[in-house]
Peer 1: 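Here it is, the structure in full.
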Amino acid sequence: MFVLIILSGVLAMQLADIAIAAQEEMVVSHEGIATVKAIDMNQGIVKLAHGPIASLKWPSMTMNFKVKDRALLQEIKVDNVVTFTFIQSGSDYIVTRIQSSK
């Protein structure tokens, strides 16, 4: 009986560790509408003047975003109005999708 209790405790701890790891790996994405202000292909950065981002409770502002793939920058130009999706990775905000509204 004692061995069974110990085994069930170990199993419970392992399941808790798995749940914590899965939660840490969950990536939350955010969406917005913005005007492209600058594009730096070499650095893989786009400067966007975006509207409010409700999911982060951000007001409208202008800021730089890294892009997941520099190929995303080939489809946009300065002054384009775009819709975009981004994630947070550490202290960086990374655009994973961007599309001109044309």
Peer 1: Enumerate, atom names and distances included, each donor-acceptor pair closer than 3.5 Å involving a side-chain atom of residues 49-71, sequence neighbours excluded.
Peer 2:
unit_1, atom_1, unit_2, atom_2, d
Ser55, OG, His30, ND1, 2.6
Lys66, NZ, Asp92, OD2, 3.1
Asp69, OD1, Ala71, N, 3.0
Arg70, NH1, Asn42, O, 3.0
Arg70, NH2, Asn42, O, 3.1

Peer 1: Quick check on the hydrophobic clustering: are Leu48 and Tyr93 connected, directly or via other members, by side-chain heavy-atom contacts under 4.5 Å?
Peer 2: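 Yes, it is one cluster - the side chains of Leu48 and Tyr93 are joined through contacts under 4.5 Å.
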Peer 1: Could you state whether Met41 and Leu72 fall into the same hydrophobic cluster, counting links through intermediate Ile, Leu, Val, Met, Phe, Trp or Tyr residues with side-chain heavy atoms under 4.5 angstrom apart?
Peer 2: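 In one cluster with Met41: Leu72, yes.
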Peer 1: Scan the side chains in residues 84-91 for donor-acceptor partners under 3.5 Å anywhere in the protein, sequence neighbours excluded, and list what turns up.
Peer 2:
unit_1, atom_1, unit_2, atom_2, d
Thr85, OG1, Arg97, NE, 3.3
Thr85, OG1, Arg97, NH2, 3.3
Gln88, NE2, Gly90, O, 2.9

Peer 1: Could you go through Asn80 and Ser101, starting from their C-alpha distance and side-chain angles, then the distance that decides it, and tell me whether this counts as side chain to side chain contact (heavy atoms under 4.5 Å, CB included)?
Peer 2: CA-CA 7 Å; Asn80 281 168; Ser101 299; over 6 Å; no
Peer 1: In the structure I gave you, are the side-chain heavy atoms of Thr83 and Ile98 within less than 4.5 Å of one another anywhere?
Peer 2: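 A side-chain contact under 4.5 Å is absent here.
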Peer 1: Identify the two heavy atoms, one from Ile39 and one from Ile76, that lie closest to each other, and give their separation to 0.1 Å.
Peer 2: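 That closest heavy-atom pairing would be CD1-O, 3.6 Å.
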Peer 1: What distance separates Glu31 CD from Thr96 OG1, expressed to the nearest 0.5 Å?
Peer 2: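 Spacing of CD (Glu31) from OG1 (Thr96) equals 8.5 Å.
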Peer 1: Are Val36 and Leu73 linked, directly or through intermediate hydrophobic residues, by side-chain heavy-atom contacts shorter than 4.5 Å (ILVMFWY only)?
Peer 2: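 Shared cluster, yes.
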